[in-house]
Amino acid sequence: MDKTYNHKNSENEIYAYWESLDLFSPEKSYKAREKAELENKNDTFSVLMPPPNANAPLHCGHATYAIQDIMARIKRMQGFKTLYLPGTDHAGFETQVVYERKLKEQGKSRFDFDRDTLYEKVLNFVKENSQMATDQLKKLGMSADWERLTFMLDDHVIDTVYNTFEKMHEDGLVYRDTYMVNYSTFHGTTFSNLETTHKESVSPLYYVKYALKDSEEIITVATVRPETIYADVAIAVNPDDSRYGKMVGKVAINPLNGKELEIIEDSYVDPEFGTGALKITPGHDFNDYEIGQKHNLPIITVIDLEGKMTKDAVDVSGMYPKPARKKVAEILEDKGALVKVDEKYKHSLLADYKDKREIEPLPLPNWFIKMEGLAEEAKKVIKKEEVKFNRPLWKKEILRWLNEIYDWPISRQIVFGIKIPVWYDIEKNPDLHVTFIDQKGVSHDGKIENLLKNHDLADIKEGLQKLIAPIGAEYEVSRNPPGEKYIQETDTFDTWFSSGQWPLTTLKYPNNKDFKEFFPTDFMDSMWDILFFWIARMIMFSLYLTDQIPFKNVYIHGAITDEKGKKMSKSKGNVINPMEFIEEYGADALRMGLVVGGNTAAKQTALSEDKVRGYRNFANKIWNMARFMELMKEDFGEKVPLYNPENYKLALQKEDKDLLKELEKTVTKVNEELEKYRFADAGNEVYHFMWHTLADEYIETVKDRKDKKVALSVLDHAYKTCLKLLHPFMPFATEKIWQEITEDEVPLMISQWPKV
RNA sequence: GGGUUUGUAGCUCAGCCGGUUAGAGCGCUGCAUUCACAUUGCAGAGGUCCCCUGUUCGAGUCAGGGCAAACCCACCA
């Protein structure tokens, strides 16, 4: 054996060794131990890998996948037929954003391509880079069955997603509605509430005068968005506000376009804010939209999907809202309608979570799923703890969200995703608004009825970019065109609509053998940030489709931060690349640093280089313990027999008995801690026993022992037991050492897990 | 505005059902080391367990109040 442990060579070599023996396959690893006395012979254990983005390198958070791998390795060693099923995600929106940045570098944008071409381009980009994520997961030591790797856009996944949509449609859970959505004119798509955030900002607050019809009176409102005054439909005051009581029911005149606006009462209005009078613009504000619905007010929009002012905003038509705002303020000033401007007004602006770009609330046709019934079922299994969380906190959180749930907008106006399987008959829907590029690359836009006067339907379909069907449009749910004169919906599913079905798609619900054998799965690990996005939806989809829970235990881990507990971010320059740590200290050390050096169940876990270095030293320590043991055995001359409690009872010295007792305690403790998913405590037990009891104390006594045969066989036994306990945490080093010190035994990975 | 979590050694954190003298890793100090490992060993320093009040024979742990930090949800034009 070398003087020090070399993780660089060993890790690659050992992973290849496992692969060559097919040990990641539940069937093969199970077979390899067929003759052994397996304890849980007839039981299976399954854990699904949360799919990382197929085309991005792994970040530190992915190193927490070690938790899943630890569970899989323990169960495998305990004799369970164990499936750790890996996969990758197309990450629709994320990927398209990345690809659009790439296009921008080439001086192009998504508008230069028709839908199908753009989709192909993005897909190829993903395929070119998709090895990256899986290669890196292998470097981390994941004992996943790569033969079963599922990609979110695999045919069978799309097939399941379509089946689900069809079933939901038949069950009346799918509807289209004009709905106030979070629309990003920058990204050209809708976001769900979960995907938006608020950012602090300072904007001018304009106080604008509205004259009352046939009267000298005026009413002043405060607004940060004067450019939407064109879309005002009413003015609201609080019913208890005595200042305005006598104005209610009267009519104000829109200072920009002269339209009449009724003054209405609504308790939503805060008399304390601004002037206590609120302009109602249902087309551009969520609260106004609700008030508008309540009072049956019309909806007017003056901003289009490209984010420009429409021709209804006469003076500023074609401008973007920000410059339009300034221009409108000038116009109001000229008209004497601008009372004052509070330049330092602080408020929060709605933005997308990804780029923090402003969100434009717009009433748009969208596809929705009714959530109430689905949420009810999910709540039941969570309350009964059929799905059990590792901390009570997460149970509480997920129930809170399920209690406040609202319908889920599942359509996204992006190209890279699974197309919604819906078709529109062009003859029945002459109002379809279509955008397409003709063969010369010229973009056309308009109602299908008009476009067909100058273009062939085939050309329109070929160059199709975007389609917006009016709310009442007739449609057919189908995977294939129902006839010649049909155009497919261009919206795609929200990423979470497909990943929410991950347990079903990966196991090939409903008829595949895997589904029958491994569903419901046993263990699901995820971070709290996608508790609602993903965990909750998987539970709902699974119950809806199979009446079964998708997984029995959910382990929610925390965010990985830098050594000071600060969030890693590129701008702070404190991002740790897991691959660099693996290169420098080894995957084993990284896994230990994360899972044993901190508490992964906390809301956040700090990872530091010092910690990882410490565990690299530990790997070297156990390597040298083995090396020393081998040297002592060599010195001793004859073959040291395997430890057997029956044969040795009488020959044992006090220190042997003490050690064996300690070993027993350690095994018990480790099993207890793991039972409770206390990985750090379990790992620490082994760490401490090996380094301080076995190495610092016992080995020192062995050096002077006269009955070396007894001592060495006790040492051999204790050490090997520890290697097994440590294997799930440090799979590479332990397996490598196992190869060095054993001869005829099965690989450590499928050896029998120690118990008392 | 509603909610959650956290506060213990220089740093990151354990301390689980209330029970001797409060622990670990890293860091720090001193010494040792041609003997498996300097990626080592031995020894050591370092704590108002955030503050106050209470319950208790006994509180880092339980209850009430405060202070501080982080996060989640909602969001006033």
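We name chains A, B, ... by the order of the sequence lines, and we start the count at 1 in each one. Because only heavy atoms are used, hydrogens play no part in the values below, and waters and symmetry mates are left out as well, while side chains stay in.
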Counterpart base for C35(B), defined by Watson-Crick or G-U wobble contacts under 3.5 Å:
none

Do I741(A) and L723(A) come close enough that some side-chain heavy atom pair is under 4.5 Å?
yes

Any side-chain N or O of H198(A) less than 4.0 Å from the OP1 or OP2 oxygen of G1(B)?
no

Please state whether the phosphate of U39(B), meaning OP1 or OP2, lies under 4.0 angstrom from any side-chain nitrogen or oxygen of Y585(A).
no

Please classify the nucleic acid contact of V221(A) as base, sugar-phosphate, or nothing, using heavy-atom distances under 4.0 Å.
nothing

What's the closest nucleotide to the side chain of N287(A) if the choices are U39(B), C42(B), C76(B)?
C76(B)

For nucleotides G47(B) and G10(B), find the distance between their P atoms and express it as a whole number of Å.
7 Å

Rounding to an integer number of angstrom, what distance separates U34(B) and C28(B) when you compare their P atoms?
23 Å

Counting distance alone, no hydrogens or angles: does the base of C35(B) have a donor or acceptor under 3.5 Å from a partner atom on the side chain of K703(A)?
no

May I ask which nucleotide in the shown strands pairs with G46(B), Watson-Crick or G-U wobble, both distances under 3.5 Å?
none

Describe the nucleic acid contact of D696(A) in one word from base, sugar-phosphate, nothing, applying a heavy-atom distance below 4.0 Å.
sugar-phosphate

Closest non-hydrogen contact found for M180(A) with P282(A) is CE-O, 3.4 Å

Would you please classify the geometry between the F581(A) ring and the Y585(A) ring as parallel, tilted or perpendicular, with 30° and 60° separating the classes?
perpendicular

Going by the angle between their ring planes, with limits at 30° and 60°, are F191(A) and Y353(A) parallel, tilted or perpendicular?
perpendicular

Kindly check if the number of other-residue, nucleotide or ligand heavy atoms within 6.0 Å of NZ (K335(A)) is above 12?
yes

Please state how far atom CZ in F533(A) lies from atom C1' in C73(B), giving the value in whole angstrom units.
13 Å

C1' atom, A22(B) versus U40(B): distance in rounded Å?
29 Å

Here the distance between atom C1' of U40(B) and atom CG of L694(A), to the nearest Å, is 16 Å

H692(A) near the nucleic acid: base, sugar-phosphate alone, or nothing, with a heavy-atom cut-off under 4.0 Å?
sugar-phosphate

For G15(B) versus A59(B), give the span between their C1' atoms, rounded off to a whole number of Å.
14 Å

When the distance from CD1 of I556(A) to P of U5(B) is rounded to whole Å, what number comes out?
16 Å

The Watson-Crick or G-U wobble partner of G19(B), with both key distances under 3.5 Å, is C57(B)

What does M625(A) touch in the nucleic acid at a heavy-atom separation under 4.0 angstrom: a base, only the sugar-phosphate, or nothing?
base

Proximal nucleotide (of A36(B), C76(B), C16(B)) relative to the R627(A) side chain
A36(B)

Side chain R243(A), main chain P271(A), donor-acceptor under 3.5 Å:
yes

Would you indicate which nucleotide in U39(B), U4(B), A24(B) comes nearest to any side-chain atom of K396(A)?
U4(B)

For the backbone of V328(A) and the side chain of E227(A), can you confirm whether one donor and one acceptor N or O come within less than 3.5 Å of each other?
no

In whole angstrom, give me the gap between the P atoms of G2(B) and U8(B).
27 Å

Give a yes or no on this: more than 12 heavy atoms of other residues, nucleotides or ligands lie within 6.0 Å of atom NZ of K567(A).
no

Only residue of Y687(A), F729(A), Y5(A) satisfying ring pair (Phe, Tyr, Trp, His ring centres under 6.0 Å) with F618(A) is Y687(A)

With both distances under 3.5 Å as the test, what is the Watson-Crick or G-U wobble partner of U6(B)?
A68(B)

Separation of atom CD1 in I699(A) from atom P in C42(B), rounded to whole Å
12 Å

Quick check on K379(A): does its NZ atom have over 12 non-hydrogen neighbours (other residues, nucleotides or ligands) under 6.0 Å away?
yes

Short N/O separations, protein against nucleotides 12-14 of chain B, under 3.5 angstrom:
| unit_1 | atom_1 | unit_2 | atom_2 | d |
| --- | --- | --- | --- | --- |
| U12(B) | O2' | K611(A) | NZ | 3.2 |
| A14(B) | OP1 | N599(A) | ND2 | 3.0 |
| A14(B) | O2' | D681(A) | OD1 | 3.3 |

H347(A) side chain N/O closer than 4.0 Å to the phosphate oxygens (OP1, OP2) of A77(B)?
yes

Distance criterion of 3.5 Å, no angle test: do you see the side chain of K621(A) paired donor-to-acceptor with the base of C37(B)?
yes

Whole-Å C1' distance, C35(B) and U29(B)
27 Å

Rounded to whole angstroms, how far apart are CG on L393(A) and C1' on C73(B)?
13 Å

Base, sugar-phosphate alone, or nothing: which one does E404(A) contact when heavy atoms must sit under 4.0 Å apart?
sugar-phosphate

Distance below 4.0 Å between Y5(A) side-chain N/O and A36(B) OP1 or OP2
no

Of the options A36(B), C75(B), A24(B), whose atoms approach the side-chain atoms of N684(A) most closely?
A24(B)

In whole Å, measure the gap between the C1' atoms of G19(B) and G64(B) for me.
24 Å

Without decimals, in angstroms, what is the distance between I291(A) CD1 and A77(B) C1'?
9 Å

Within the structure shown, what part of the strands sits under 4.0 Å from Y207(A) by heavy-atom distance: base, sugar-phosphate, or nothing?
nothing

Chi-based syn or anti call at C17(B), which uses purine or pyrimidine torsion atoms and a 90° bound:
syn

In whole angstrom, give me the gap between the C1' atoms of U4(B) and A74(B).
14 Å

Residue-phosphate contact under 4.0 Å: W691(A) side-chain N/O, G41(B) OP1/OP2
yes

Is K279(A) touching bases, backbone alone, or none of the nucleic acid, heavy atoms closer than 4.0 Å?
nothing

